[in-house]
Number of protein chains: 2
Amino acid sequence: MSRMTTHRTNTRRTTQRDTIVEVITQSPGPITVEQIHELAKKTIPSLGIATVYRTIKLLLENGTIQTVVLPDGLSRYESAALGHHHHFRCRACGNVFDLDICPVKLPKDMTLPGGYTVDDHELTFYGTCPNCQ
Amino acid sequence: MSRMTTHRTNTRRTTQRDTIVEVITQSPGPITVEQIHELAKKTIPSLGIATVYRTIKLLLENGTIQTVVLPDGLSRYESAALGHHHHFRCRACGNVFDLDICPVKLPKDMTLPGGYTVDDHELTFYGTCPNCQ
DNA sequence: CTAAATGCAAAATCTTTGCAGCCTC
DNA sequence: GAGGCTGCAAAGATTTTGCATTTAG
């Protein structure tokens with residue numbers, strides 16, 4: 001009997017991917033596709049936007065990064081290694097920062113009035129960051 | 001001295017706008033452009049998507065509705081008349097619901113460690129809605 | 001009647017995909 | 001070497017805009 005087709009794809013290590021991962025993990029908060037592209041081009045000027053999109057997709061699938069979407073409608077990406085944390089968006093500069101602390105204690109699992117079973121939550125703060133004070 | 005140009009545009013009441021406003025305000029939670037279009041077409045089958053986009057933009061500008069963006073990346077719209085409230089997104093059906101109650105008490109204004117001055121916050125829960133239990 | 005609003009289709013954006021050549025393994 | 005990766009450009013998808021016609025006031 002022939003063995004089943006493995007759906008695992010061999011992935012190779014490339015300068016592009018290493019650079020994109022580094023740019024995302026070194027950021028103080030989640031960043032957009034455009035920001036990733038701009039930052040990574042400092043290392044690889046020829047980097048194409050398609051490669052950025054493809055790499056983000058790959059990193060999302062293999063669980064290296066995760067998506068953060070705030071009310072400006074843009075998707076941002078951050079390391080999935082970060083534990084439970086929340087975000088702060090500065091209305092002045094528009095940047096998003098990771099918060100070390102969690103100002104509220106919410107049980108991870110709970111049921112809300114109305115019959116909503118909660119398994120996770122997300123909290124985002126808005127205001128002014130220290131740099132823009 | 002001539003009076004300054006008024007930037008106020010005369011807006012007219014149309015069936016399209018009335019219908020779109022009604023669809024948004026009657027929804028149990030924020031809904032997407034596509035949902036608005038589909039629901040409004042039940043009343044006005046000829047309604048064009050461009051009119052939906054233009055009306056949403058108008059309603060956002062005059063403060064009738066507001067945008068809600070969750071991690072699925074889609075923008076949703078809801079009545080701006082709703083007070084401070086939070087959202088619940090069902091992982092099963094994907095719909096978003098308004099929550100009447102606020103399970104956490106957060107001071108609207110506060111400063112977080114690191115020097116972040118907060119003026120607002122947003123909380124979203126994920127899980128299963130009563131219909132999908 | 002006058003000018004705002006609509007519907008349609010073209011244009012502008014943003015993201016994905018096809019391909020030939022390049023580069024890991 | 002073989003097949004995954006990349007850059008480029010074409011293709012899709014989503015949102016905006018131009019324009020002639022319709023319609024509110």
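Letters A, B, ... are given to chains in the order of the sequence lines, protein chains preceding strands, and every chain is numbered from 1. Keep in mind that the numbers below use all heavy atoms, side chains included, and drop hydrogens, waters and symmetry copies.
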Q: List the residues meeting salt bridge (Lys or Arg N to Asp or Glu O under 4.0 Å) with A:Arg91, not counting sequence neighbours, and say none if there are none.
A: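 For A:Arg91, the residues satisfying salt bridge (Lys or Arg N to Asp or Glu O under 4.0 Å) (neighbours in sequence not counted) are B:Asp119.
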Q: Can you pull out how bent the helix from C:dC1-D:dG25 to C:dC25-D:dG1 is, comparing the axes over its first five and last five pairs, to 10°?
A: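 Axis-to-axis angle, ends of the helix: 30°.
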Q: Dump the pairs, protein N or O against N or O of nucleotides 1-3 of chain D, anything under 3.5 Å, distances to one decimal.
A:
{"from": "D:dG3", "atom 1": "N2", "to": "A:Arg12", "atom 2": "NH1", "distance (Å)": "2.1"}
{"from": "D:dG3", "atom 1": "N3", "to": "A:Arg12", "atom 2": "NH1", "distance (Å)": "3.0"}

Q: Enumerate the residue pairs fulfilling salt bridge (charged side-chain N to carboxylate O under 4.0 Å, His left out) with a member in residues 75-84 of chain A, sequence neighbours excluded, ordered by first and then second residue.
A: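 Matches after skipping sequence neighbours: A:Asp72-A:Arg76.
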Q: My understanding is that only residues two or more places apart in sequence, or in another chain, count here; which of them pass ring pair (Phe, Tyr, Trp, His ring centres under 6.0 Å) with A:His87?
A: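 Counting only residues at least two positions away or on another chain, A:His87 forms a ring pair (Phe, Tyr, Trp, His ring centres under 6.0 Å) with A:His85.
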Q: Could you tell me how far apart B:Arg17 (CZ) and D:dG25 (P) are, to the nearest whole angstrom?
A: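 After rounding, the reported distance stands at 10 Å.
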Q: Please report, rounded to the nearest Å, how far the C1' atom of C:dT16 is from the CD atom of A:Glu61.
A: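 Rounding to the nearest Å, CD of A:Glu61 and C1' of C:dT16 are 13 Å apart.
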Q: Which ones in residues 29-39 of chain A lie close to DNA chain C, meaning a heavy atom under 4.0 Å from one of its atoms?
A: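 None - not one residue of the stretch has a heavy atom sitting under 4.0 Å from the strand.
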Q: Once salt bridge (Lys or Arg N to Asp or Glu O under 4.0 Å) is applied, do any residues pair with B:Glu38, and if so which ones, sequence neighbours excluded?
A: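 B:Glu38 satisfies salt bridge (Lys or Arg N to Asp or Glu O under 4.0 Å) with B:Lys41 once adjacent residues are dropped.
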Q: With sequence neighbours left out, what residues match A:Thr51 under side-chain contact (heavy atoms from CB on, under 4.5 Å)?
A: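 Residues passing side-chain contact (heavy atoms from CB on, under 4.5 Å) with A:Thr51: A:Gln16, A:Leu47, A:Arg54, A:Thr55.
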Q: Nearest whole angstrom, please: distance from the C1' of C:dT6 to the CD1 of B:Ile20.
A: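 Rounded to the whole Å, the gap is 11 Å.
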Q: Only pairs at least two apart or in different chains count here, so list each salt bridge (charged side-chain N to carboxylate O under 4.0 Å, His left out) that has a residue in residues 27-37 of chain B.
A: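 Sorted pair list comes back empty.
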Q: Name the closest nucleotide to the B:Thr14 side chain, picking from D:dT6, C:dT6, D:dG25.
A: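 The answer is C:dT6.
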Q: For DNA chain C, what residues of residues 43-57 of chain A have any heavy atom nearer than 4.0 Å?
A: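 Residues of residues 43-57 of chain A that come under 4.0 Å of DNA chain C are, in numerical order, A:Ala50, A:Tyr53, A:Arg54, A:Lys57.
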Q: Measure CZ/A:Arg76 against C1'/C:dT15 and give the value in whole Å, please.
A: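 The answer, rounded to whole Å, is 17 Å.
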Q: Applying ring pair (Phe, Tyr, Trp, His ring centres under 6.0 Å), can you list everything that pairs with A:Phe97, at least two apart in sequence or on another chain?
A: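 Scan of A:Phe97 (ring pair (Phe, Tyr, Trp, His ring centres under 6.0 Å), adjacent residues dropped) gives B:Tyr116.
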Q: For residues 123-133 of chain A, which residue pairs qualify under salt bridge (charged side-chain N to carboxylate O under 4.0 Å, His left out), counting only residues two or more places apart or in two chains?
A: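 Qualifying pairs, neighbours excluded: none.
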Q: For the pair made of CG in B:Leu58 and C1' in C:dT6, what is the distance, rounded to whole Å?
A: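 In whole Å, C:dT6 C1' lies 13 Å from B:Leu58 CG.
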